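In what follows, a single structure is set out as structure tokens and then discussed.
Bear in mind that the values here come from a model prediction, so they are computed numbers and not experimental data. Whatever order the structure lists ligands and atoms in, that order sets their numbers, starting from 1.
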Amino acid sequence: MQRMTAASPDYDSDPGRWRAWKPAQDVHDLVAPSLSGPVLDIGCGEGRLASVLKPGVAWVGVDSSMTQLAGNPHRPVVQADMNALPFRNRSFAEVTHLWCLYHLDDPVPAIAEAQRVLRPGGTYYASTAARTNDPELVPEGYPPTSFDAEEAALLVGRVFEDAEVQRWDEKLVVLNDREEVRSYCRHHFIPAERAEQVEVPLALTKRGVLVRATASESRPSSSGSFR
Ligand SMILES: C[S@@+](CC[C@H](N)C(=O)[O-])C[C@H]1O[C@@H](n2cnc3c(N)ncnc32)[C@H](O)[C@@H]1O
């Protein structure tokens with residue numbers, strides 16, 4: 001199998017890149033209605049999941065970037081690496097890895113860490129984009145990363161027995177003017193000149209997955225610990 005590379009995190013060195021563009025709707029809106037808490041939001045960033053939770057749902061955010069945590073209005077948050085979560089086994093009803101596992105060379109130990117802190121019967125969620133995302137701007141496809149939609153279910157399935165996938169492949173995003181296309185390109189590491197070559201408004205085909213899985217009731221309490 002081809003060795004995939006991790007997307008290098010730049011959230012502290014270039015926070016403007018991540019903040020350049022924000023979708024009106026995202027996978028957070030798909031996940032949040034199912035969450036009853038306590039939720040552990042791993043790689044929580046600036047709190048987009050916490051912002052759409054139902055009222056009263058207990059939430060804890062974890063991220064390695066101090067810049068992201070400083071821009072996150074929700075509390076409590078903890079600075080930690082997702083490969084070594086500072087929480088006890090079986091502490092959370094739901095654990096999320098939304099748009100973050102592609103930052104790791106090998107996402108599987110972090111998925112096992114997520115399973116370790118999930119209560120038996122608790123639900124795990126992970127999202128990522130496909131290499132064929134945004135074909136109108138990236139017709140040649142995005143470079144492979146360590147956690148693309150093409151392999152996400154396989155990788156989650158190395159830890160959880162019942163990984164199931166919800167895919168999307170639709171024109172979900174409209175970029176209304178040239179400036180918005182430029183911002184989108186910056187946010188997605190797309191060469192800047194592409195923004196000048198497309199017609200606006202631009203309807204973009206979004207391709208990606210949400211993987212859901214359940215922590216088994218029968219696993220031993222020490223299983224999956226990498227600590
Ligand atoms: C693309 S952002 C997604 C943020 C958020 N989940 C969202 O959906 O808006 C990825 C986040 O993962 C965090 N991250 C990257 N590597 C990490 C690691 N090893 N441990 C914890 N967080 C990490 C980054 O700092 C960043 O906030």
Side-chain angles (χ1 to χ4, degrees), residues 4-35 39-53 59-87 92 94-117 124-130 133-134 142-143 145-149 152 155-156 166 168 172-173 183-190 206 208-212 226-227:
M4 304 305 177
T5 50
S8 180
D10 61 355
Y11 303 93
D12 294 316
S13 59
D14 184 12
R17 195 278 308 164
W18 167 248
R19 291 175 182 153
W21 184 81
K22 193 173 161 185
Q25 282 214 311
D26 205 330
V27 72
H28 316 86
D29 304 288
L30 199 63
V31 171
S34 315
L35 304 181
V39 179
L40 180 65
D41 181 6
I42 304 174
C44 62
E46 297 188 321
R48 286 156 63 198
L49 177 62
S51 296
V52 295
L53 289 176
W59 172 93
V60 178
V62 169
D63 204 286
S64 56
S65 160
M66 278 312 289
T67 310
Q68 290 283 84
L69 293 179
N72 187 326
H74 304 280
R75 294 292 179 270
V77 292
V78 179
Q79 186 188 23
D81 191 295
M82 61 175 111
N83 281 307
L85 297 171
F87 302 102
F92 294 93
E94 292 107 4
V95 176
T96 63
H97 270 146
L98 302 182
W99 308 119
C100 58
L101 283 173
Y102 39 67
H103 288 307
L104 304 178
D105 287 331
D106 179 2
V108 174
I111 299 168
E113 242 328 58
Q115 187 204 45
R116 179 184 67 77
V117 301
Y124 173 78
Y125 300 84
S127 66
T128 191
N133 197 26
D134 303 333
Y142 282 94
T145 74
S146 54
F147 193 73
D148 293 323
L155 292 168
V156 172
Q166 181 173 353
W168 51 90
L172 291 171
V173 166
S183 301
Y184 187 92
C185 287
R186 170 148 159 68
H187 179 91
H188 286 85
F189 301 99
I190 299 168
K206 302 304 298 177
V209 293
L210 174 66
V211 184
R212 288 185 180 81
F226 278 70
R227 306 188 67 196

Checklist line | Any H97 side-chain heavy atom under 4.5 Å of M82 side chain | finding: yes
Notebook entry, point to check: Are any of the heavy atoms in A80 under 4.0 Å away from ligand 1?
Noted result: yes
Note to self: Could you check whether any side-chain N or O of H187 sits under 3.5 Å from a backbone N or O of W18, counting only pairs where one atom can act as donor and the other as acceptor?
What the structure shows: yes
Next item on the list: Check each atom of ligand 1 against the heavy atoms of C44 and keep those under 4.0 Å away; list them by number with element.
Entry: 5 (C)
Checklist line | Approximate separation, where rounding is to 0.5 Å, of W99 CH2 and L49 CG | finding: 13.0 Å
Notebook entry, point to check: Parallel, tilted or perpendicular for Y142 and H188, by the 30°/60° rule?
Noted result: tilted
Check: Where the side chain of D148 meets the backbone of T145, is there a donor-acceptor pair that is under 3.5 Å apart?
Finding: yes
Next item on the list: For ligand 1, indicate whether the residue R48 contacts it via side chain, backbone, both or neither (heavy-atom separation under 4.0 Å).
Entry: side chain
Notebook entry, point to check: About how many Å separate OG of S51 and CG of D26, when rounded to the nearest 0.5 Å?
Noted result: 12.0 Å
Next item on the list: Would you mind listing which atoms of ligand 1 come within a distance below 4.0 Å of any non-hydrogen atom of C100?
Entry: 10 (C), 12 (O)
Check: What residue and atom, counting heavy atoms only, is the protein's closest point to atom 2 (S) of ligand 1, and at what distance?
Finding: Y11 OH, 3.3 Å
Checklist line | Protein residue, atom and distance nearest to atom 20 (N) of ligand 1, heavy-atom basis | finding: M82 N, 2.9 Å
Margin query: For atom 23 (C) of ligand 1, what is the closest protein heavy atom, and at what distance to 0.1 Å?
Written below: S64 OG, 3.1 Å
Note to self: Test of understanding: given a 4.0 Å heavy-atom threshold, classify the contact between W99 and ligand 1 as side chain, backbone, both, or neither.
What the structure shows: both
Check: Do side-chain atoms of D63 reach the backbone of G45 as a donor and acceptor pair under 3.5 angstrom?
Finding: yes
Check: Nearest protein heavy-atom contact for atom 7 (C) of ligand 1: which residue, which atom, what distance?
Finding: H28 NE2, 3.4 Å
Checklist line | W59 vs H74 side-chain heavy atoms within contact, under 4.5 Å | finding: yes
Note to self: I need the atoms of ligand 1 closer than 4.0 Å to a non-hydrogen atom of Q68, numbered in the order shown.
What the structure shows: 26 (C), 27 (O)
Check: Which of the atoms of ligand 1 are close to L98, meaning less than 4.0 Å from one of its heavy atoms?
Finding: 3 (C), 5 (C), 6 (N), 8 (O)
Notebook entry, point to check: For ligand 1, does V62 get within less than 4.0 Å through its side chain, its backbone, both, or neither, judged by non-hydrogen atoms?
Noted result: neither
Check: Does a salt bridge link R186 with D14, judged by any charged N lying under 4.0 Å from a carboxylate O?
Finding: yes
Item checked: Atoms in ligand 1 with a heavy atom of L104 nearer than 4.0 Å -> 19 (N)
Check: Considering only heavy atoms, which of G43, P23, G47, A7 lies nearest to atom 5 (C) of ligand 1?
Finding: G43
Notebook entry, point to check: For T67, is the nearest heavy atom under 4.0 Å from an atom of ligand 1?
Noted result: no
Notebook entry, point to check: Mind checking whether V39 and F92 have side chains closer than 4.5 Å, heavy atoms only?
Noted result: no
Margin query: Give the atom numbers and elements of ligand 1 that come within less than 4.0 Å of a heavy atom of S65.
Written below: 25 (O)
Note to self: For atom 27 (O) of ligand 1, what is the closest protein heavy atom, and at what distance to 0.1 Å?
What the structure shows: D63 OD2, 2.6 Å
Next item on the list: Report yes if the distance between the aromatic ring centroids of F147 and H103 is under 6.0 Å, otherwise no.
Entry: no
Note to self: List ligand 1 atoms under 4.0 Å from H103, heavy atoms only on the residue side.
What the structure shows: 10 (C), 15 (C), 16 (N)
Notebook entry, point to check: Numbering the atoms of ligand 1 from 1, which are under 4.0 Å from a heavy atom of Y102?
Noted result: 1 (C)
Checklist line | NZ or CZ of R19 within 45° of Y11 ring axis and under 6.0 Å | finding: no
